[in-house]
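Keep in mind that what you see is a predicted model, and the values were worked out from it rather than measured.
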Amino acid sequence: MKKIEAIIKPFKLDELKGALHDLGVHGMTVSEVKGFGRQKGHKEIYRGAEYVVDFIPKVKVEIVINAGMVDKVIETIIESVKTGQIGDGKIFVIPVESICRIRTGEKNEDAI
């Protein structure tokens, strides 16, 4: 089992959700996050004053899947969120040792 964490632009969330649903991924966790990468933020003007926005608003999507689906899920994420502009995001793949569904006690792949 693997956990995929994708940091994406917020306006791409609905498109990603639909694409993953079509792929058969029905569960995900979504968090509003802030951060920066190579773009190191940007400058904005508010009421005539220029200021630097260091942390850019992003969305983190977390998905736990069977290891055999990793490549297809990554491909789907890229296809649905890529704009070709700086700040499109990153995808991280993390091994998952075990899962337990609290309500039923199901474990591992039965709990996904």
Is Val59 isolated, or which residues cluster with it under the ILVMFWY side-chain rule of less than 4.5 Å, directly or via members?
Ile4, Ile8, Leu13, Leu16, Leu20, Leu23, Val25, Met28, Val30, Val61, Ile63, Ile65, Met69, Val70, Val73, Ile74, Ile77, Ile78, Val81, Ile91, Val93

Residues in side chain to side chain donor-acceptor pair (under 3.5 Å) contact with Glu109, at least two apart in sequence or another chain:
none

According to side chain to side chain donor-acceptor pair (under 3.5 Å), who are the partners of Glu106, at least two apart in sequence or on a separate chain?
Arg101, Thr104

Kindly write out the residues that satisfy side chain to side chain contact (heavy atoms under 4.5 Å, CB included) with Glu62, not counting sequence neighbours, or none if the list is empty.
Lys3, Glu5, Thr29, Ser31, Lys60

Atom pair NZ/NZ of Lys34 and Lys58 - distance to nearest 0.5 Å:
13.0 Å

Derivation of the side chain to side chain contact (heavy atoms under 4.5 Å, CB included) call for Ile7 and Phe92
CA-CA 9 Å; Ile7 309 295; Phe92 304 94; 4.0 Å; yes

For Ser98, all residues meeting side chain to side chain donor-acceptor pair (under 3.5 Å), sequence neighbours excluded
none

When rounded to the nearest 0.5 angstrom, what distance separates NZ in Lys9 from CD in Glu15?
12.5 Å

Would you indicate whether Asp22, at its atom CG, is surrounded by more than 12 heavy atoms from other residues, nucleotides or ligands within a distance under 6.0 Å?
yes

Test side chain to side chain donor-acceptor pair (under 3.5 Å) applied to Asp88 - qualifying residues, sequence neighbours left out
Thr83

Is a donor on one side and an acceptor on the other found under 3.5 Å between the side chain of Asn108 and the backbone of Ile99?
yes

Looking only at heavy atoms, which two atoms of Lys2 and Pro95 are closest? And how far apart?
CD-CA, 4.1 Å

